[in-house]
Amino acid sequence: MGTTEWGVRPLLLVVDGDAHKLGRTETELSRAFGATHRVRGELTGEDAGRVLEGADVRDEPVALVLVGDDLPEADRDELLALARTRHPEARRCLLIDWGAWSDPGVASTILRGTGIGDLHTYVLRPWTEADELFHRTVAEIVQDWSRTDPRTRREVVVVADRHSGRGFEVSDLLQRNRIPYAFRDRAAEQGRRVLEAARPEREGEVVVWFPALGGTVLVDPTDEQVLATWGIPTTVADDQREVDVLVVGAGPSGIAAAVYAASEGLSTLVVERSAIGGQAGTSSLIRNYLGFSRGLSGSELAQRGYQQAWMFGARFVLTRSVESVDARDGGFVARVSDQGEVRARAVILACGVAYRRLGVPSVEALTGQGVYYGASVSAAHSLTGLSAAVTGGGNSAGQAVLQLARYCRQVHLVVRGPRLEDTMSAYLVEAIAGEPAITVHLSSDVTDASGQGRLERLTLTDRGSGATQEVEADGLFVMIGAEPRTDWLPEKVRRDERGFVLTGTDAAHDPSDLAVHPHETSVPGLFAVGDLRSGSVKRVASAVGEGSVVVSEVHQHLATPHG
């Protein structure tokens, strides 16, 4: 929270038709946030609209718009639409009284508003002086806004050409590891100011400045250098060469396994090849995870789990891959890329899946130059005002186009199937239908891509008629499913016809063998959880559940003598 880079305090706007209620809300907002934010209250939607329009003209940040539920419906809808289009990063919330959720009309307004993207959530009006619940709720919402608005001061700043593939990769790395950063276009005034302040020793495609770390500057750094500078381990320490449990992968299932293993006294090492959170870390908003009514991003969920596991004693090594794992001397020996061997009494495979390639040569040639596989669109600030496309029909693709619509003037969603409802959750389908910046192309494929050194245009082909059309696109995000990477595992590890790892009785050579644990592979002591496991439910909550349950099976394995 706090001021933007040029010192303008973000606006907290509240509109409520009841003067008494408005005054109380204004007072509580000023009490808690007045020192760092501008607080403004209005009695009508029309007056509030003028405030938002003025802030837009002056390019002033708006962090929060609280709209009273007693405002006339037409005025409320018009105001929310204005806030969404003029200030897409601002959090829009319905302000309601205690107990109002039992009112069918209020409930319908909240459900419809969040479903189509007009509202982020609801907030309970303060009912007493110094209402701490109100303060905490608003603080969480404003903090969430501060991590997405590109004008807010950041601990890390990336400077590159707005079309730089490596610039986007570094931004994506920071985003997925929940490191607060800002992207600055080298050619823009902000980018030039950052370079003047950072004073890099040489020219480079990407400059990463760490003002929060004493002004450290990296020029064209590797992923390992970026994370190590921030303090995230990328090497295996000497005291981590022998552990009770080695977890391969730091997605939701791997993090859950680390939390429970470490909390139950097992020395635990987690090795992750890219970023904390795995595929789930790319989700801009997870709304159906138990306990988070306002939703949360995949990267935030992953970071919370990472910190929890670390507090219990689990240790992580990022940007490294486990290249092999072999059963030896009653345990396992794993080879970690560029780090040598690690010995473990048990191994949990939680390395997820890899994004499926589109297979179009002209598209593959532009990978990293506007074409991205599994990249977090939350890192796409450099696409502001440009056009983008997403290919895929699942929930991840739906979340991606909605996130991109906050920045881009035009977003294309390319879906192979004839109906979006067949593969995507209803709340996302409704939200996409209500977003004018999004164009959906059903029964279509991306069949060509072109551009001078970067992506500029895509060719879409109708699967039925064969008709083609060309659309402008400065970025393409490919989300067409994933497949397991299991070729590095020992041959003894049984897999299904698609390469997913078999566990439990499915993995047993003798189906009558009841001694095998539900998440254990055909190699005793080697377990598989999450998306990598054959038959798993591809949901974050399910992955977390498997990661927690498997630890009890690990305990049973370790307690059993093995010859």
Side-chain angles (χ1 to χ4, degrees), residues 91 93-94 96 101-102 106-108 110-117 119-124 133 136-141 143-144 147 176 178 247 249-264 270 276-312 314 348 350 352-353 376 378 394-396 398-400 402-403 423-431 518-519 529-533 535-553:
R91 298 305 187 254
C93 305
L94 191 69
I96 68 173
W101 51 79
S102 63
V106 172
S108 176
I110 294 172
L111 294 175
R112 177 182 176 276
T114 55
I116 65 175
L119 292 171
H120 289 91
T121 187
Y122 68 90
V123 174
L124 297 173
L133 176 61
R136 187 184 71 181
T137 301
V138 173
E140 290 176 354
I141 294 171
Q143 193 271 344
D144 181 59
R147 290 311 189 199
R176 293 181 62 187
R178 199 67 178 174
V247 181
S253 59
I255 294 175
V259 168
Y260 281 85
S263 69
E264 295 174 16
V270 184
I276 296 291
Q279 184 176 343
T282 68
S283 295
S284 58
L285 182 66
I286 300 172
R287 287 184 52 200
N288 58 358
Y289 194 80
L290 182 65
F292 293 90
S293 59
R294 291 191 294 273
L296 77 169
S297 69
S299 61
E300 180 181 359
L301 177 64
Q303 269 299 313
R304 292 187 182 202
Y306 165 69
Q307 295 293 338
Q308 192 174 16
W310 185 87
M311 288 289 290
F312 281 124
I348 300 174
V353 293
S376 170
S378 297
N395 282 358
S396 295
Q399 293 167 347
L402 289 170
Q403 179 73 6
T423 54
M424 190 178 294
S425 295
Y427 77 90
L428 290 171
V429 175
E430 291 182 12
H519 296 91
V529 293
D531 289 355
L532 184 74
R533 188 178 69 83
S536 66
V537 178
K538 306 300 188 284
R539 291 288 185 272
V540 173
S542 299
V544 171
E546 290 189 15
S548 59
V549 168
V550 73
V551 174
S552 64
E553 300 174 23

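Counting begins at 1 with the first residue of the sequence. Quick note: numbers below take in every heavy atom, side chains included, and nothing from hydrogens, waters or symmetry partners.
Residues R91 and D144 form a side-chain contact, since some pair of their non-hydrogen atoms from C-beta on lies under 4.5 Å apart. Within the 4.5 Å cutoff, side-chain heavy atoms of V529 are placed close to those of I348.
The minimum heavy-atom distance between L119 and L94, with the atom names listed, is CD2-N, 3.7 Å. For the residue pair A314 and A262, the shortest heavy atom distance occurs at N-CB, 3.7 Å. The two residues G394 and M424 make their nearest non-hydrogen contact at O-CE, 3.2 Å. Between I255 and A302, the shortest heavy-atom distance links the atoms CD1-O, 3.6 Å. Between A257 and V550, the closest heavy-atom pair is CB-CG1, 4.3 Å. When every heavy atom of A309 is checked against every heavy atom of A258, the shortest pair comes out as CB-CB, 4.0 Å.
At least one donor-acceptor pair under 3.5 Å links the side chain of S536 to the backbone N or O of G530.
S542 is linked by a side-chain contact (heavy atoms from CB on, under 4.5 Å) to V537, R539, counting only residues two or more places apart in sequence or in another chain. Listed by chain and number, the residues in a ring pair (Phe, Tyr, Trp, His ring centres under 6.0 Å) with Y306 are F316 (sequence neighbours excluded).
Considering CZ of R178 and CD of Q307, their distance stands at 11.5 Å, rounded to 0.5 Å.
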Discussion item. Determine whether I96 and L124 satisfy the following criterion, side-chain contact (heavy atoms from CB on, under 4.5 Å), listing intermediate values before the conclusion.
Written reply: CA-CA 5 Å; I96 68 173; L124 297 173; 3.8 Å; yes
